[in-house]
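Heads up: the structure comes next, in structure tokens.
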Amino acid sequence: MHSQSDIVAVMVGVAVEGPYSYRVPQGMSVTRGSIVAVPLGPRLTLGVVWGPPADMIAHNRLKDIARAYDLPALSAELCELVDWVSRYTLAPPGLVLRSVLRSSEALEPERPVVAYRLSGHAPSRMTDARARVLETLADGMAWAKAAIIGASGVSASVIEGLEKSGALERLSLPAPPVVDPPDPDATAPRLGAEQAAALAAIRNADAGGFGVVLLDGVTGGGKTEVFFEVVADTLRAGRQALILLPEIALTHTFLERFTRRFGTRPAEWHSEMTPLQRARMWRGVLEGTVRAVVGARSSLFLPFRELGLVVLDEEHDGAYKQSDGANYHARDMAIVRARLAGARALLSSATPSVESRNNADTGRYLHVRLENRFASAQLPDITAIDMRETPPEKGSWIAPPVAREVFAALDRGEQALLFLNRRGYAPLTLCKACGHQYQCPDCSAWMVEHRFRGVLMCHHCGHEQRRPEACGACGASESLVAVGPGIERVAEEAAARFPEARTVIVSSDMGSNAQLRQRFSEIAKGEYDLIIGTQLVSKGHHFEKLTFVGVLDADLGLAHGDPRAAEKTFQVLTQVTGRAGRATRAGKAMLQTYHPNHPVMEAMVSGDREAFYAHEIVAREAGGLPPFGRLAALIVSATEQPVAMAHAKALLAAAPLADGLRLFGPADAPIAMVRGRHRVRLLAQSPRNFDLSGYVRFWLGLAPRPSGNLRVQVDIDPMSFF
DNA sequence: TCCCGTCTCAGC
DNA sequence: CTGAGACGGGAT
Ligand SMILES: [Zn+2]
Ligand SMILES: [Zn+2]
């Protein structure tokens with residue numbers, strides 16, 4: 001006998017189109033959100049009960065749920081988020097679910113801690129090691145085995161020997177909580193008048209449900225202190241809080257600030273955690289023992305059940321959109337999750353994205369500004385250096401006015417930063433005998449010389465070769481020249497021109513995130529005078545002694561024909577020049593540019609960011625670009641260019657007509673080949689009130705299915721057109 | 001003729 | 001995502 005309620009839909013963590021139906025065996029009880037193991041083909045797969053069965057399936061094909069885990073069910077809000085992200089990005093829902101079920105270890109109950117205490121009996125035989133253990137345990141308390149080993153410096157076998165001899169009593173203790181709960185009242189906040197006003201405005205707008213706040217203020221303006229108070233409000237209301245940061249900004253300094261405010265370290269969630277830490281954290285979030293999480297992008301899919309606040313710090317940061325499985329922008333999905341959870345979202349930035357700015361301007365978001373720097377610091381004085389008027393000398397990359405300011409800062413015993421958003425030594429290696437250019441064999445891109453490591457390297461696929469002595473094409477020796485600068489080359493010039501300065505290079509190939517953070521803290525302590533860095537240095541690090549920033553190629557990034565080029569350039573320049581100047585003295589910044597009249601440069605020099613946003617918003621609206629219109633890119637790739645192009649043309653031919661929809665392409669991608677695959681792009685543009693994801697799904701349903709090595713990737717709301 | 005790498009598809 | 005079965009090119 002089967003009643004309807006014996007069968008449920010289960011979303012499996014596999015890239016299938018929708019949930020599968022399973023029988024609930026006798027004696028098992030599950031609800032929407034229950035985490036289960038189900039047989040799928042020859043194996044057991046993790047899945048989540050999604051609700052009543054969606055389709056009829058022959059009873060003889062139905063299988064039983066193998067196991068229901070002894071865990072709280074995922075919140076309905078999280079299940080809805082999975083469906084939402086899947087519909088929006090066109091990624092299969094099972095694939096999105098995988099970003100929720102990221103820690104399979106977390107599903108098993110945590111092993112109790114093995115502990116020992118004195119039994120009161122003396123051991124039959126005494127040794128030095130045994131005596132040290134007994135001494136450690138002399139307080140009569142139960143000690144965890146690992147703690148005994150740590151405190152008395154013995155091996156596990158000594159303890160086991162004592163247990164056998166009857167001197168120790170073994171017991172098991174419940175595992176301690178992964179973090180202590182943060183106390184919203186651990187310390188009284190110390191806010192300046194403007195911060196207090198901002199907090200009051202945020203509190204005033206709290207309707208107890210969904211709402212978005214854009215906290216908009218200069219770097220160092222005290223945004224963190226303000227959103228910590230919103231976190232405190234959330235904790236007091238008995239709800240959980242999530243603070244999302246770009247991974248690189250998840251620093252010791254930030255965690256320390258949290259600890260000072262809330263009396264305990266926050267739960268962290270990032271890519272460098274061990275599986276055990278990951279499992280304990282995940283389980284803590286689900287069971288509700290973890291109340292506040294500070295995490296990178298992937299923490300958006302943690303199994304909160306009482307989420308009350310999502311903070312997205314540095315909301316403009318491009319790292320929030322990346323593909324790992326599903327291709328989503330963490331900002332947009334954070335807002336969706338907040339809406340589904342009836343929670344607040346707080347976006348924080350010194351340079352908000354044009355999308356967020358427009359939502360604030362139109363009243364969809366509450367716009368809260370912090371105009372002045374904390375402790376009354378000032379914005380840097382920015383000048384444009386016209387590279388046509390005062391160019392660097394031949395073979396040099398630092399224009400004379402910039403070099404003078406570096407000297408001046410060094411003379412004053414302060415720090416200077418030279419910024420160039422290009423890793424390596426030189427972007428091109430050329431043979432001056434035959435004209436051969438070193439290209440990646442698998443990408444249509446130059447091999448970038450990394451002289452420090454003695455290699456040429458492709459930044460698109462990681463392909464490397466040793467730096468050649470002689471030209472690989474004509475065999476001439478001594479004929480290879482490096483063309484153009486990267487930061488290593490700037491460092492070489494700096495070493496020659498500023499030999500007395502202690503110089504450091506900061507870029508993503510300087511090691512792990514942990515090593516980078518170490519380097520940042522050395523800089524903050526003043527162990528270096530001159531910093532030469534890529535975009536990384538612009539990410540939320542405060543250097544008190546830094547008073548001059550020279551941007552060696554402010555135009556880099558404007559050249560790309562993608563719709564966010566101006567916005568991204570404005571944000572990077574604002575963030576990096578914002579490193580100059582702190583509490584006591586106004587900093588200086590110089591932008592080396594060939595386009596001093598470009599709206600971005602003019603806005604930077606005049607300090608009039610409102611003019612930039614106004615200009616950019618008008619341009620976006622006129623072009624029907626985000627946020628006033630929607631874009632979706634289809635990237636067709638294959639090992640043979642004609643195959644990719646032919647399929648792209650077939651896709652275009654199959655595209656249904658729709659009112660207001662425009663299609664562009666197909667065209668070779670700007671970087672036509674990456675990792676041996678030729679890429680052809682199609683672009684769809686629609687009005688804002690158009691379901692572009694739905695349209696693309698319908699379109700791909702009508703179009704020929706890609707076969708062989710053809711791939712079609714969908715990128716909804718692409719951030720770049722590369 | 002057999003074997004193995006590559007592709008294609010189903011899984012409830 | 002994974003494994004099973006279907007091709008197809010090349011070695012034996
Ligand atoms: Zn490459
Ligand atoms: Zn040559």
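Scope of the values below: all heavy atoms of this structure, side chains included, with no hydrogens, waters or symmetry mates. Every chain is numbered from 1, with letters handed out A, B, ... down the list of sequences.
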With sequence neighbours left out, what residues match A/Val643 under side-chain contact (heavy atoms from CB on, under 4.5 Å)? A/Ala638, A/Glu640, A/Leu710
Taking any heavy-atom pair under 4.0 Å as a contact, classify A/Leu62: base, sugar-phosphate, or nothing. sugar-phosphate
Please list each protein N or O that sits under 3.5 Å from an N or O in nucleotides 2-6 of chain C, with the distance.
residue	atom	partner	partner atom	Å
C/dG3	OP1	A/Arg43	NH2	3.4

N/O donor to acceptor pairs below 3.5 angstrom from side-chain atoms of residues 682-692 of chain A, sequence neighbours left out:
residue	atom	partner	partner atom	Å
A/Gln685	NE2	A/Gly623	O	2.9
A/Gln685	NE2	A/Gly624	O	3.1
A/Arg688	NH1	A/Pro627	O	2.8
A/Asp691	OD1	A/Gly694	N	2.8

Whether the A/Ser353 and A/Glu315 side chains hold a donor-acceptor pair (N or O, under 3.5 Å, no angle test) is what I'd like checked. yes
Can you pull the side-chain hydrogen bond (donor to acceptor under 3.5 Å, both in side chains) pairs that have at least one residue in residues 78-97 of chain A, sequence neighbours excluded? A/Trp50-A/Asp83
Can you check the A/Leu40 CG to C/dC1 C1' distance for me, whole Å? 9 Å
Which pairs count as ring-ring contact (aromatic ring centres under 6.0 Å, His included) when at least one residue sits in residues 297-316 of chain A, sequence neighbours excluded? A/Phe301-A/Tyr328
Does any pair with a residue in residues 705-722 of chain A pass side-chain hydrogen bond (donor to acceptor under 3.5 Å, both in side chains), and if so which ones, sequence neighbours excluded? A/Lys321-A/Asp715, A/Asn327-A/Asp715, A/Arg564-A/Asp717, A/Thr639-A/Asn709
Specify the residues of residues 700-711 of chain A, ordered by number, for which at least one heavy atom lies under 4.0 angstrom from an atom of DNA chain C. none
Under the rule for side-chain contact (heavy atoms from CB on, under 4.5 Å), what residues qualify as partners of A/Ala146, not counting sequence neighbours? none
Identify the 5'-most and 3'-most nucleotides of DNA chain B with at least one atom closer than 4.0 Å to a non-hydrogen atom of chain A. B/dT8 to B/dC12
Using a 4.0 Å heavy-atom cut-off, does A/Pro39 contact any base of the nucleic acid, only the sugar-phosphate backbone, or nothing at all? sugar-phosphate
Non-neighbouring partners of A/Ala341 that pass side-chain contact (heavy atoms from CB on, under 4.5 Å), sequence neighbours left out: A/Glu77, A/Leu307, A/Ala343
Would you mind listing every side-chain hydrogen bond (donor to acceptor under 3.5 Å, both in side chains) that reaches into residues 62-71 of chain A, with sequence neighbours excluded? A/Arg23-A/Asp64, A/Arg67-A/Glu108
Residue set satisfying side-chain contact (heavy atoms from CB on, under 4.5 Å) with A/Pro441, at least two apart, ordered chain then number -> A/His463
